[in-house]
> 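Structure incoming, see below.
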Amino acid sequence: MKKLNQNQSVTRTSAGSSQSLPNFAILDLRESLLSWYAQGGRDLPWRHHRDPYPIWISEIMLQQTQVKTVIPYYHRWLERFGTIASLAESSQQDVLKLWQGLGYYARARNLHAGAQAIVQDHGGSFPTTLEAALSLPGIGRTTAGGILSAAFNLPLPILDGNVKRIFARLIGLQMPPAKAMKLLWQCSEVLLDPENPRDFNQALMDLGATVCTPKAPDCNRCPWIAHCQAYQLQMQADLPMRQTSSPLPHKQIGVAVIWNERGEILIDRRRQEGLLGGLWEFPGGKIEPGETVPDCIHREIREELAIAVEVGAQLIILEHAYTHFRVTLTVHHCRHVAGEPQPLESDEVRWVRLDEIDQFPFPKANVKIIEALRQSPNSSFQP
DNA sequence: TAGCCGTGGTA
DNA sequence: TTACCAAGGCT
């Protein structure tokens, strides 16, 4: 027989998460946060809507991405894909082109596939239940709660980076948030105001973005200062605790700008799955130990495209950082010598003119190569 | 569970 | 320059 607890505390036994939910002053926390929000909340474009479609777009764009970065993409998106139906009917290439530069390109592929699923399964209207929203690609519990609370005022909690940080400080969490997800979700569930879920969730995110910031939080403007464990212990700078991370690997990459006799350049479309899936790139690959850059380019182009090239002058050297590694790209002009290019390790290959290359979606590092091509003196391979 | 998945801003 | 981080999801 289970013992019932009189208060809100939850005792947990699994290793690494022994901390328990505090006995919150729930009504006080709700009221103070909501009145802070009424005065200090942000005016953001997607908050002018109750239509779930623009809210969905904003929530996906805002995943791991700052508001300032999102805003121009958000407006461009709604101008180009005004309805779920129009998004569903568009080509993936058009969708990726609009997303170019935002990163995490699976988000764009998932929006596209999600729109098609909504047309097929929900008559073209965004679903109104948690279960149905969660079944759409790219929508997890936080995003589903964010959309459904904002659009329909449904009482669903959220747990994004802002909220994790706020609660980690509020309760003085003694472990990295990743080790206490269950407890943090409980905080969000228990505190959520069932009368005002929309405003409460938005207020939490605004508090995290403008007051309870990662560095140098502005505690004197915080409505929860009287309840905050981190503030009482003066540990704001030390919470949330961080996980140990391993250093980023650094890869050397050889890249080829291959010209044919018509002055066109060879590009390939990356496979759907994995890094930069569905985007176009200049072919190339990792420089093996002991290999020169021209050696690498000859080998990679043979393996990926089954053609022979002559490696010419260096165009540019680029540094680029991804989430889990860094790369140095050494880019050379090349001349196509023999063979018809085959998409052996890509979905498609294509010869394009420099003046039409902007039609294709490219990752950031490749955009830099295109800019270098436009600015630099012509290669001897270029007619 | 922890690693993969982009890019831009910041100290 | 380096490291961290931002309205996370997926496997």
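In this text the structure is predicted, and so the values were computed from the model without any measurement.
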> Please report the shortest heavy-atom distance between A:Val95 and A:Ser90, naming the atom on each side.
CG2-CB, 4.4 Å
> Rounded to whole Å, please give me the gap between CE in A:Met241 and C1' in C:dC4.
17 Å
> Quickly work out the A:Phe362 CZ to B:dT7 C1' distance and round it to whole Å.
18 Å
> Think A:Arg270 forms a cation-pi with A:Trp280, using NZ or CZ under 6.0 Å from the six-ring centre and within 45 degrees of its axis?
no
> Checking all strands, does A:Leu44 fall into the base, sugar-phosphate, or nothing category for heavy-atom contacts under 4.0 angstrom?
base
> Nearest whole Å is fine: how far is C:dA7 P from A:Ile158 CD1?
11 Å
> Please state the P separation for the pair C:dG9 and B:dG8 - nearest whole angstrom.
23 Å
> Between B:dC4 and C:dA7, how far apart are the P atoms? Round to whole Å, please.
23 Å
> Please state whether the phosphate of B:dT7, meaning OP1 or OP2, lies under 4.0 angstrom from any side-chain nitrogen or oxygen of A:Tyr105.
yes
> Determine the interplanar angle of the A:Trp56 and A:Phe126 rings, folded into 0 to 90°, and report it as parallel if under 30°, tilted if 30 to 60°, perpendicular if over 60°.
tilted
> Over how many whole Å does the gap from A:Arg109 atom CZ to B:dC5 atom P extend?
10 Å
> For A:His324 and B:dG3, is the shortest distance between a side-chain N/O and OP1 or OP2 below 4.0 Å?
no
> Taking only side-chain N and O atoms of A:His320, does any of them lie within less than 4.0 angstrom of OP1 or OP2 on B:dT7?
yes
> Examine B:dG8: is either OP1 or OP2 under 4.0 Å from a nitrogen or oxygen in the side chain of A:Lys364? Give yes or no.
yes
> With nearest nucleotides of DNA chain B determined for A:Gly277 and A:Lys215 from heavy-atom distances, which residue corresponds to the more 5′ nucleotide?
A:Gly277
> Specify the separation, in whole Å, of atom CE of A:Met181 and atom P of C:dG8.
11 Å
> Is there a donor N/O on one and an acceptor N/O on the other, under 3.5 Å, for the side chain of A:Thr323 and the base of B:dG6?
yes
> Using heavy atoms to find the nearest nucleotide of DNA chain C for A:Asp206 and A:Pro137 separately, return the residue whose nucleotide is more 5′.
A:Asp206
> Grouping I, L, V, M, F, W and Y whenever their side-chain heavy atoms are under 4.5 Å apart, do A:Leu373 and A:Val311 come out in a common cluster?
no
> When you compare C:dT2 with B:dC5, how far apart are their P atoms, in angstrom units rounded to a whole number?
22 Å
> Separation of A:Met61 atom CE from C:dG9 atom C1', in whole Å?
17 Å
> What is the nucleic acid contact for A:Ile139, judged by heavy atoms within less than 4.0 Å: base, sugar-phosphate only, or nothing?
sugar-phosphate
> Touch check for A:Gly101, heavy atoms < 4.0 angstrom, all strands: base, sugar-phosphate only, or nothing?
sugar-phosphate
> Heavy atoms under 4.0 Å, any strand shown: does A:Trp99 hit a base, just sugar-phosphate, or nothing?
nothing
> Taking atom CG of A:Leu184 and atom CZ of A:Phe167, what is their separation to the nearest 0.5 Å?
8.0 Å
> Is there a side-chain polar atom (N or O) of A:Lys68 under 4.0 Å from OP1 or OP2 of C:dA6?
no
> What is the nucleic acid contact for A:Leu276, judged by heavy atoms within less than 4.0 Å: base, sugar-phosphate only, or nothing?
sugar-phosphate
> For B:dG6, does either OP1 or OP2 sit under 4.0 Å from a side-chain N or O belonging to A:Thr65?
no
> Taking atom C1' in both C:dC5 and B:dG6, what distance in whole Å separates the two?
13 Å
> Do the side-chain N or O atoms of A:Gln64 get closer than 4.0 angstrom to the phosphate oxygens (OP1, OP2) of C:dG8?
yes
> Quick one: sort the A:Phe362 and A:Phe282 rings into parallel, tilted or perpendicular, breaks at 30° and 60°.
parallel
> Report the residue (A:Leu134 or A:Leu62) whose heavy-atom-nearest nucleotide on DNA chain C is the more 5′ of the two.
A:Leu62
> With a cut-off of less than 4.0 Å, is there a side-chain N or O of A:Arg107 near OP1 or OP2 of C:dC10?
no
> The side chain of A:Thr142 is closest to which nucleotide in this list: C:dA7, C:dG8, B:dT10?
C:dG8
> Using whole Å, report how far CZ of A:Arg242 lies from C1' of B:dA2.
19 Å
> Would you say A:Arg42 places a side-chain N or O within less than 4.0 Å of OP1 or OP2 belonging to C:dA7?
no
> Students often get this wrong, so: under 4.0 angstrom with heavy atoms, is A:Gly161 touching a base, only sugar-phosphate, or nothing?
sugar-phosphate
> Rounded to whole angstroms, how far apart are OH on A:Tyr322 and P on C:dA6?
22 Å
> Using every non-hydrogen atom in the two residues, find where A:Cys219 and A:Ile225 come nearest and quote the distance to one decimal.
O-CD1, 3.3 Å
